[in-house]
Amino acid sequence: DSSTLYVSMYTSGIVRKIDVESQEVSAFADGFSQPWGIALAPDDSYMLVCEYNYDRIEKVTIPGAVKSILAGGGSSGTLSGFFDIPGTSALFYRPSGIAIDFDGIYAYVADTYNFRIRRITISTG
């Protein structure tokens, strides 16, 4: 929906929702540990959030703001994190940016201190 913006608030751990037309700002989802980057699904049904401090990617439903871990498990990444390990077994080291491809099949994550761009299959993590 082109009239809605979502903004991650790094220090407060909140993703805010902004209605562009009315200029109303509200908390959409909270309880994150330093949410850095966010990306919306092509159909606006969910967003992905880089949780910088917990080294994981969370999937958040729109509407409803139901959170689930898509990839990563809360431990800082090591060399083994560079391999294709699915879901919560994957290792990241401070993910900071994310994008979802046009078809909504893959997410691309900037894995900051592993110095890699990582690809996640969204359907399986």
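If you're wondering where the values come from, they're calculated on a predicted model, not measured in any experiment.
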*What residue among Ser96, Cys50, Pro95 forms side chain to side chain contact (heavy atoms under 4.5 Å, CB included) with Thr112?*
Ser96
_Using side chain to side chain contact (heavy atoms under 4.5 Å, CB included), reason through Asp55 and Arg94 one step at a time and then give a plain yes or no._
CA-CA 5 Å; Asp55 299 317; Arg94 304 301 188 243; 3.0 Å; yes
_Heavy-atom pair with the smallest gap, counting every atom of Ile57 and Ile98_ = CG2-CD1, 3.8 Å
*Decide whether Ile117 and Leu70 are clustered together by the hydrophobic rule: side chain heavy atoms of Ile, Leu, Val, Met, Phe, Trp, Tyr closer than 4.5 Å, transitively.*
no
*Do Ser3 side-chain atoms and Asp19 backbone N/O form a donor-acceptor pair below 3.5 Å?*
no
*asked:* Quick one: does any side-chain atom of Asp30 pair with a main-chain N or O of Ile14 as donor and acceptor, under 3.5 Å?
replied: no
*Do the side chain of Asp101 and the main chain of Tyr106 share a donor and acceptor less than 3.5 angstrom apart?*
yes
_OH on Tyr46 to CD1 on Ile62, rounded to 0.5 Å_ = 10.0 Å
*Can you list every salt bridge (Lys or Arg N to Asp or Glu O under 4.0 Å) pair that touches residues 58-70, not counting sequence neighbours?*
Arg56-Glu58
_Ala99 to Ala39 - nearest heavy-atom pair and separation_ = CA-CB, 4.0 Å
_Arg118 side chain vs Leu91 backbone, donor-acceptor pair below 3.5 Å_ = yes
*Contact summary for Gly13 and Pro35, nearest pair of heavy atoms*: CA-CD, 3.6 Å
_Could you report the tightest heavy-atom contact between Ile120 and Ala71, atom names first, then the distance?_
CD1-CB, 3.9 Å
_Could you work out, with side chain to side chain donor-acceptor pair (under 3.5 Å) as the rule, every residue matching Ser33, not counting sequence neighbours?_
Asn53
*Do Tyr6 and Phe32 sit in the same hydrophobic cluster, where Ile, Leu, Val, Met, Phe, Trp and Tyr count as joined when their side-chain heavy atoms come under 4.5 Å apart?*
yes
*Are Val25 and Met9 grouped together when hydrophobic residues (ILVMFWY) are joined by side-chain heavy atoms under 4.5 angstrom apart?*
yes
_Spacing of OH belonging to Tyr113 relative to OH belonging to Tyr52, to within rounding of 0.5 Å_ = 4.0 Å
*When hydrophobic residues are tied together by side-chain contacts of less than 4.5 Å, even through go-betweens, does Ile38 share a cluster with Ile100?*
no
_Phe92 reachable from Leu48 in the ILVMFWY side-chain graph, under 4.5 Å edges_ = yes
*Report yes if the side chains of Ile69 and Thr88 come closer than 4.5 Å at any heavy-atom pair, otherwise no.*
yes
